[in-house]
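Right, one structure below, let's go through it.
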2 protein chains.
Amino acid sequence: MNRRNTPTKEAVLNLLLNSSKALSQDAIERQLDIDINRATIYRVLNRFCEDNLVHKIVAEDGKQYFAICKKCENPQEIIKYHFHFRCLSCDTIECMQVPVEYSVPSGYEVQNANCVLTGTCNDCS
Amino acid sequence: MNRRNTPTKEAVLNLLLNSSKALSQDAIERQLDIDINRATIYRVLNRFCEDNLVHKIVAEDGKQYFAICKKCENPQEIIKYHFHFRCLSCDTIECMQVPVEYSVPSGYEVQNANCVLTGTCNDCS
DNA sequence: TATATTATTGCAATATTGTTGCATTAAAGA
DNA sequence: TCTTTAATGCAACAATATTGCAATAATATA
């Protein structure tokens with residue numbers, strides 16, 4: 001399944017690259033200049049996730065948010081997972097530098113961590 | 001807004017009390033002997049949450065899960081938040097004793113933490 | 001450059017989860 | 001027993017996300 005470059009893909013990627021926050025599908029649709037179908041946006045985002053370009057966070061509102069996290073790409077950092085912060089005031093989600101530290105009993109195998117702190121962010125407090 | 005005791009309330013509470021795992025609305029509906037309307041189950045659960053009898057976890061499947069966590073009630077433990085583990089194999093969510101440890105930059109105020117580890121649990125590995 | 005292959009897209013339909021309005025029922029105090 | 005109003009069932013609704021299918025277009029190949 002080879003990937004092809006399309007204006008859609010490029011537009012979504014650029015939006016994410018220029019955003020300091022994680023974005024939901026509807027936020028992406030709203031912020032894009034061009035009109036892209038909802039289903040297409042989801043498909044593009046899911047493909048990005050498959051290719052490890054983007055990571056997905058599910059907040060307690062049950063919605064999916066997507067982010068390109070530059071910190072993730074830092075090869076020095078072994079930190080695989082980091083906290084996310086959801087501000088209830090400005091309704092944004094951002095990647096925090098704070099790593100997720102945990103230990104699980106033997107027998108448990110962790111494949112992913114989805115950790116969201118909720119509250120008021122620096123800008124809104 | 002006084003609360004009243006009803007068979008529904010009692011049934012849901014007993015189910016949660018006897019469950020070692022966090023349950024979703026549909027799981028509760030399935031496991032109950034009596035037939036209870038979906039909306040009612042949600043209302044009962046949300047009331048339990050308001051009364052701090054139960055806590056709610058949102059997993060990466062976007063679904064809400066509810067649990068009575070005995071560990072939460074231990075007054076010795078200052079631990080407010082703990083990790084949850086979602087097993088992809090048996091599709092359950094359980095409360096872990098592992099506390100969530102984090103620090104946020106000044107200016108951020110944390111009101112809640114929703115942390116779910118995903119993978120394979122002890123029973124399934 | 002023209003053509004063939006097939007990844008990508010838009011559209012509509014569908015599934016799932018959760019909430020809300022409203023009339024009815026029933027718990028609990030007077 | 002009567003009154004108050006919390007709780008319930010039902011249907012409708014809202015929001016999020018996915019899927020099938022036909023049409024389109026990116027890319028490799030001739």
Side-chain angles (χ1 to χ4, degrees), chain A residues 1-16 22-51 53-67 84 86 88 91-93 114 116 118, chain B residues 1-16 22-51 53-67 86 88 91-93 112 114 116 118:
Chain A
M1 182 81 90
N2 289 325
R3 295 282 142 91
R4 291 177 183 177
N5 290 322
T6 65
T8 293
K9 198 171 163 177
E10 203 180 327
V12 174
L13 191 60
N14 278 331
L15 190 58
L16 288 174
L23 302 176
S24 59
Q25 175 275 322
D26 60 295
I28 291 171
E29 187 169 348
R30 241 180 300 118
Q31 290 180 38
L32 281 176
D33 306 321
I34 53 176
D35 235 355
I36 304 180
N37 185 269
R38 201 163 40 119
T40 303
I41 294 178
Y42 276 113
R43 282 191 276 229
V44 166
L45 290 169
N46 286 328
R47 260 177 272 145
F48 285 163
C49 285
E50 281 175 33
D51 299 345
L53 262 174
V54 160
H55 71 279
K56 182 198 288 190
I57 311 120
V58 177
E60 327 146 322
D61 60 1
K63 282 174 64 176
Q64 302 178 348
Y65 291 81
F66 300 86
H84 296 92
R86 174 162 179 245
L88 295 173
D91 196 34
T92 62
I93 292 193
N114 191 71
V116 183
T118 312
Chain B
M1 182 80 92
N2 290 324
R3 294 282 142 90
R4 292 177 183 174
N5 291 321
T6 65
T8 295
K9 199 171 161 176
E10 203 180 327
V12 173
L13 192 59
N14 278 331
L15 190 59
L16 287 174
L23 301 176
S24 60
Q25 174 274 322
D26 60 294
I28 291 172
E29 188 170 345
R30 242 181 300 118
Q31 291 181 37
L32 280 177
D33 306 322
I34 53 177
D35 234 354
I36 304 181
N37 185 268
R38 197 163 44 116
T40 302
I41 295 179
Y42 276 115
R43 281 191 276 228
V44 166
L45 290 169
N46 286 329
R47 261 177 272 147
F48 285 163
C49 285
E50 280 175 35
D51 299 343
L53 263 173
V54 158
H55 69 278
K56 182 198 288 190
I57 311 120
V58 177
E60 329 146 321
D61 59 2
K63 282 174 65 175
Q64 303 177 348
Y65 292 78
F66 300 85
R86 173 159 181 248
L88 295 173
D91 196 33
T92 62
I93 291 193
N112 191 26
N114 192 72
V116 183
T118 312

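Not measured: the values here are computed from a predicted model. Letters A, B, ... mirror the listed sequences (proteins, then strands); counts begin at 1. Below, each value reflects all heavy atoms present in this structure, side chains not excepted, and no hydrogens, waters or symmetry copies.
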Open item on the list: With heavy atoms of chain B within less than 4.0 Å as the criterion, where does contact along DNA chain C begin and end?
Closed with: dT17(C) to dA28(C)

Open item on the list: Please report the distance, rounded to the nearest Å, between CD in Gln25(B) and C1' in dT8(D).
Closed with: 15 Å

Open item on the list: Please find the pair of heavy atoms, one from Ala59(A) and one from Arg86(A), that lie closest to each other, and give the distance.
Closed with: CB-CD, 3.8 Å

Task: Over all atoms of both residues, closest heavy-atom pair of Ala11(B) and Ile34(B) - done: CB-CD1, 3.8 Å

TODO: Using a heavy-atom cut-off of under 4.0 Å over every strand shown, decide if Ser24(A) touches base, sugar-phosphate, or nothing.
DONE: nothing

- [ ] Ignoring backbone atoms, establish whether Arg47(B) has a side-chain N or O less than 4.0 Å from OP1 or OP2 of dT8(D).
- [x] yes

Open item on the list: So, OP1 or OP2 of dA7(D): does either fall under 4.0 Å of a side-chain N or O from Thr6(B)?
Closed with: no

Open item on the list: Which is more 5' along DNA chain D, the nucleotide nearest Ile36(B) or the one nearest Asn37(A)? Just name the residue.
Closed with: Ile36(B)

- [ ] Write down the distance between CZ (Arg43(B)) and C1' (dA11(D)), rounded to a whole number of angstrom.
- [x] 12 Å

TODO: Report the distance from atom CD of Glu29(B) to atom C1' of dT8(D), rounded to the nearest whole Å.
DONE: 14 Å

Task: For atom CD1 of Ile41(B) and atom P of dG9(D), their distance in whole Å - done: 9 Å

TODO: Would you name the heavy atoms of Leu16(B) and Phe66(B) that are closest together and state the gap between them?
DONE: CD2-O, 3.5 Å

- [ ] Starting at atom CG of Asn2(B), determine the distance to atom C1' of dT5(D), rounded to an integer number of angstrom.
- [x] 10 Å

- [ ] Please name the pair of heavy atoms, one in Lys9(A) and one in Val44(A), separated by the smallest distance, quoted to 0.1 Å.
- [x] CA-CG1, 4.2 Å

TODO: Walk me through it: do Val116(B) and Val58(A) pass the test side-chain contact (heavy atoms from CB on, under 4.5 Å)?
DONE: CA-CA 10 Å; Val116(B) 183; Val58(A) 177; over 6 Å; no

Open item on the list: What's Asn46(A) touching, base or sugar-phosphate or nothing? Going by heavy atoms closer than 4.0 Å.
Closed with: sugar-phosphate

Task: Exam field: side chain Asp51(A) to backbone Leu53(A), donor-acceptor pair closer than 3.5 Å - done: no

Task: Sugar-phosphate only, base, or nothing, as touched by Arg3(B) at under 4.0 Å among non-hydrogen atoms - done: sugar-phosphate

Task: Earlier contact from the 5' end, DNA chain C, for Asn5(B) and Tyr42(B) - done: Tyr42(B)

- [ ] Quickly work out the Lys9(B) NZ to dT8(D) C1' distance and round it to whole Å.
- [x] 13 Å

Task: CA sep, side-chain torsions, deciding dist, call: His84(A), Asn114(A), side-chain contact (heavy atoms from CB on, under 4.5 Å) - done: CA-CA 8 Å; His84(A) 296 92; Asn114(A) 191 71; 5.7 Å; no

- [ ] Would you mind reading off the distance between Glu10(A) atom CD and dA25(D) atom P, rounded to a whole angstrom?
- [x] 16 Å

